[in-house]
Amino acid sequence: MTAPLAYRGVRAASAVTSRLPVRSRPLALPPPGSGLKPVPGDHGPPLVGHTFSLQVDSLRFSRRRYERYGPVAWSGVLGTRMVGVVGPEAIQTVAANRDRAFGNAGFYGYLIGAFFHRGLLLLDFAEHLHHRRIMQHAFTLPRLDGYLAAMNPRIEQGLERWRPGDRFPVYAAAKAMTLDIANAVFAGESASPRSAEAKRLTKAFVDAVHGGQAIVRADVPGGVWARGLRGRRYLETYFRSRLADKRDSKTDDLFSVLCRAESETGDAFGDDDIVNHMIFAMMAAHDTSTITLAMMAYYLGRNPEWQERVRAESEALGKDALDYDDLLRLPLLDLVFKETLRINAPVGGLFREAVKDTEILGYYIPKGTRVLASIYQTQRMEPWWRDPDVFDPERFAEERREDKSHRYVWSAFGGGAHKCIGLYFGGMEVKAIMHRMLLRYRWRVPGGYEPPLSYGTGPMPVDGLPLELRRLESA
Ligand code: HEM
């Protein structure tokens with residue numbers, strides 16, 4: 001299985017642009033007497049800047065930049081100037097946002113606003129808090145238990161459809177399964193995943209997600225952006241046309257729950273809010289869980305001793321379909337989950353825009369500056385992690401707890417007001433699928449294979465991620 005043509009094209013472009021000379025200069029001069037330092041950096045080649053290098057080899061690019069400029073540096077990326085910041089202190093400044101200096105609407109609006117406008121992550125300050133308080137009610141423990149119960153049969157049917165073989169594309173299979181789960185558990189779509197209705201919904205959704213990752217960010221007919229806009233329009237029509245029924249229904253899918261959700265003060269969502277939140281939440285849940293599941297399978301394939309340990313733990317539980325409480329009985333699986341998210345954070349960074357003049361680690365950040373707080377890079381770099389490229393789940397075990405060195409050294413779910421609202425949902429989904437996968441299959445990575453990763457919102461495999469998958473004798 002080879003990487004798609006588009007990815008190979010971007011890699012070739014990166015090989016060219018990364019060799020072109022660049023001119024370093026400060027982003028902006030700090031106010032005299034402020035004691036602040038100017039942010040160093042360079043735009044990169046005209047127009048494209050460092051877009052290609054960041055997309056095909058984000059880690060190498062960031063490590064080099066760190067060596068050259070330190071923890072705060074600016075670059076030209078995706079048609080804009082962006083300050084990248086690395087390290088737990090810098091992430092904390094941005095995520096905790098104590099001075100209320102960083103807003104989400106500006107940079108996220110620029111990147112994905114055309115497809116996901118007024119999603120929770122794109123709201124700011126008081127309005128964000130108001131919406132979050134209502135949405136929180138869709139993620140309580142009893143709700144999670146209900147979602148898991150609805151998920152279990154879909155997981156079983158999905159795994160049943162897998163055809164083991166020497167090059168089983170686990171990323172593609174995980175994507176099909178999480179999309180099917182999203183249709184059922186989020187949208188409450190009862191149609192079979194093979195029905196025309198479910199396929200249309202899935203396609204619209206996938207197109208909208210891809211739209212946000214387009215390099216050519218314009219409505220060119222037939223282009224990724226244009227397909228994304230079409231997908232968004234379909235999703236709006238889909239959810240809007242079902243709203244009245246959903247408001248009357250008592251079902252337990254997220255769509256229905258959001259229609260009924262109320263904050264402590266009795267506030268509820270209007271129709272537009274529900275449509276916008278549904279589209280965003282499905283996006284936020286989907287690629288993140290899919291990448292985590294596929295990469296977890298990859299690391300377990302490369303580390304058979306860990307695969308056997310977590311399989312033994314799952315077998316000892318003695319049941320296929322998990323309840324929410326069972327997750328506590330799978331501590332080794334939790335270590336593997338955390339380590340996978342450390343090595344391969346699917347949301348690689350937090351995108352913000354300064355809403356007033358401010359500073360990060362003593363560097364001057366003028367109002368309007370776009371900032372990326374780099375989670376992926378921080379989780380993969382010394383001095384914050386020992387042997388950062390080594391898969392070592394036990395670094396999270398009670399005796400070691402390497403993640404305790406700083407509150408933000410492991411921040412795969414972000415932090416502060418916008419911390420992932422679906423973190424327990426995501427963990428539950430990934431673990432429930434992996435648990436059943438361990439009971440049914442054994443797998444390994446074909447000799448020497450390493451997945452080519454493209455960097456969209458975070459690192460993701462581009463080739464389907466082939467594994468040698470075999471059914472267990474006893475399954
Ligand atoms: C392994 C899976 C997941 C990872 C790694 C992840 C990661 C993240 C991160 C890092 C953020 C913060 C982004 C920022 O501050 O800029 C975030 C926000 C968010 N996530 Fe997740 N996520 C995952 C799964 C989910 C799931 C399953 C859902 C929904 C069920 C979800 C819904 C959201 C929403 C709605 C936000 C915005 C929260 C806000 O702005 O208040 N995520 N996620």
Side-chain angles (χ1 to χ4, degrees), residues 91-92 94-97 102-109 111-112 116 118-136 138-140 143-144 146-148 150-151 174 178-179 181-182 185-187 253-255 257-258 261 273 276-296 334 336-353 370-376 378-379 408 410-434 457-460:
I91 295 177
Q92 179 163 29
V94 172
N97 202 10
F102 300 101
N104 280 27
F107 202 178
Y108 275 119
L111 294 170
I112 56 170
F116 299 105
R118 296 199 53 79
L120 190 62
L121 188 62
L122 284 80
L123 302 179
D124 274 323
F125 305 116
E127 188 185 33
H128 167 258
L129 188 62
H130 174 75
H131 282 245
R132 185 153 171 137
R133 282 196 175 133
I134 304 174
M135 199 185 274
Q136 203 80 57
F139 293 95
T140 58
R143 290 278 171 229
L144 290 173
Y147 300 140
L148 184 53
M151 222 179 257
T178 53
L179 280 168
I181 290 174
V185 179
F186 281 63
D253 50 86
L254 183 75
F255 188 10
V257 170
L258 282 188
D273 296 332
N276 291 327
H277 286 317
M278 276 308 298
I279 295 175
F280 180 80
M282 277 178 74
M283 184 277 282
H286 170 62
D287 258 347
T288 49
S289 306
T290 310
I291 294 168
T292 309
L293 177 64
M295 292 307 287
M296 212 162 152
D334 188 53
V336 171
F337 176 69
K338 286 186 178 133
E339 178 67 340
T340 303
L341 285 173
R342 183 192 67 80
I343 298 192
N344 202 85
V347 178
L350 314 176
F351 294 86
R352 300 290 188 267
E353 198 166 296
R370 289 175 170 163
V371 175
L372 171 67
S374 302
I375 296 172
Y376 176 48
T378 301
Q379 293 185 167
Y408 281 84
W410 186 91
S411 36
F413 289 108
H418 289 277
K419 185 165 185 172
C420 181
I421 203 168
L423 83 166
Y424 297 112
F425 186 112
M428 169 181 96
E429 178 175 16
V430 170
K431 289 174 186 173
I433 300 172
M434 183 51 75
T457 44
M460 62 194 292

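One-based numbering, in listed order, for ligands and for the atoms of each. Along the sequence shown, residues carry numbers from 1.
- Taking every non-hydrogen atom of Phe186 and a distance limit under 4.0 Å, the qualifying atoms of ligand 1 come out as 30 (C).
- Within the structure, ligand 1 has Ala417 among the residues with a heavy atom less than 4.0 angstrom away.
- With hydrogens left out, the protein atom closest to atom 36 (C) of ligand 1 is Phe280 CE2, 4.0 Å, a heavy atom.
- A distance of 4.0 Å separates NZ in Lys338 from CG in Asp334, rounded to the nearest 0.5 Å.
- Within the 3.5 Å criterion, the main-chain N or O of Ala105 finds a donor-acceptor partner in the side chain of Asp124.
- Nearest non-hydrogen protein atom to atom 2 (C) of ligand 1 is Thr288 CB, 3.6 Å.
- For atom 10 (C) of ligand 1, the nearest non-hydrogen atom from the set Ala412, Gly426, Gly348, Gly416 belongs to Ala412.
- When the options Met135, His130, His128 are evaluated for a side-chain contact (heavy atoms from CB on, under 4.5 Å) with Arg132, the one that passes is His128.
- Residues Ser289 and Gly426 approach most closely at OG-CA, 4.3 Å, considering heavy atoms.
- For the atom pair NZ (Lys419) and CD1 (Ile421), the distance works out to 12.5 Å, reported to the nearest 0.5 Å.
- Of all protein heavy atoms, the one lying nearest to atom 35 (C) of ligand 1 is Ile421 CG2, 3.5 Å.
- In this structure, the separation between CD1 on Ile91 and CG on Leu372 is 9.0 Å, given to the nearest 0.5 Å.
- Each of the atoms 38 (C), 39 (C), 41 (O) of ligand 1 lies under 4.0 Å from some heavy atom of Arg132.
- The contact set between ligand 1 and Phe425, taken as ligand atoms under 4.0 Å from a residue heavy atom, comprises 27 (C), 30 (C).
- Both the backbone and the side chain of His418 come within 4.0 Å of ligand 1, judged by heavy-atom distances.
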Exercise. Quick one: do Val336 and Glu339 satisfy side-chain contact (heavy atoms from CB on, under 4.5 Å)? Show the steps, please.
Key: CA-CA 5 Å; Val336 171; Glu339 178 67 340; 5.8 Å; no

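- One finds the CD1 atom of Ile112 at 6.0 Å from the CG atom of Leu121 (value rounded to the nearest 0.5 Å).
- Heavy-atom minimum distance, Gln379 versus Leu341: NE2-O, 3.0 Å.
- Checked against a 6.0 Å centroid threshold, the rings of Phe107 and Phe102 do not count as neighbours.
- Of all atoms in ligand 1, numbered sequentially from 1 with element shown, those under 4.0 Å from a heavy atom of Gly414 are 10 (C).
- Protein heavy atom at the shortest distance from atom 14 (C) of ligand 1 is Leu350 CD2, 3.4 Å.
- Within the set Arg352, Met282, Lys419, the minimum heavy-atom distance to atom 15 (O) of ligand 1 is found for Arg352.
- Interface atoms of ligand 1 facing Leu120, defined by a heavy-atom separation under 4.0 Å, are 38 (C), 39 (C), 40 (O), 41 (O).
- Among all non-hydrogen protein atoms, the one lying nearest atom 32 (C) of ligand 1 is Ala284 CB, 3.5 Å.
- Using a 4.0 angstrom heavy-atom cutoff, His128 counts as in contact with ligand 1.
- With rounding to the nearest 0.5 angstrom, the NE2 atom of His418 is 9.0 Å from the OH atom of Tyr108.
- Close approach of ligand 1 to Thr292 is summarised as follows: ligand atoms under 4.0 Å from at least one heavy atom of the residue are 1 (C).
- For the atom pair CZ (Phe139) and CG (Leu423), the distance works out to 10.0 Å, reported to the nearest 0.5 Å.
- Counting heavy atoms under 4.0 Å from ligand 1, residue Val347 touches it through the side chain alone.
- Remark: ligand 1 atoms within the under-4.0 Å shell around heavy atoms of Tyr108 are 13 (C), 14 (C), 16 (O).
- Regarding atom 22 (N) of ligand 1, its nearest protein heavy-atom neighbour is Cys420 SG, 3.1 Å.
- With respect to atom 26 (C) of ligand 1, the closest heavy atom belonging to the protein is Ala285 CA, 3.5 Å.
- Between Phe425 and Tyr147, the two ring planes are tilted [angle within 30° to 60°].
- The protein non-hydrogen atom at the shortest distance from atom 4 (C) of ligand 1 is Phe413 CE2, 3.4 Å.
- Of all atoms in ligand 1, numbered sequentially from 1 with element shown, those under 4.0 Å from a heavy atom of Phe139 are 30 (C).
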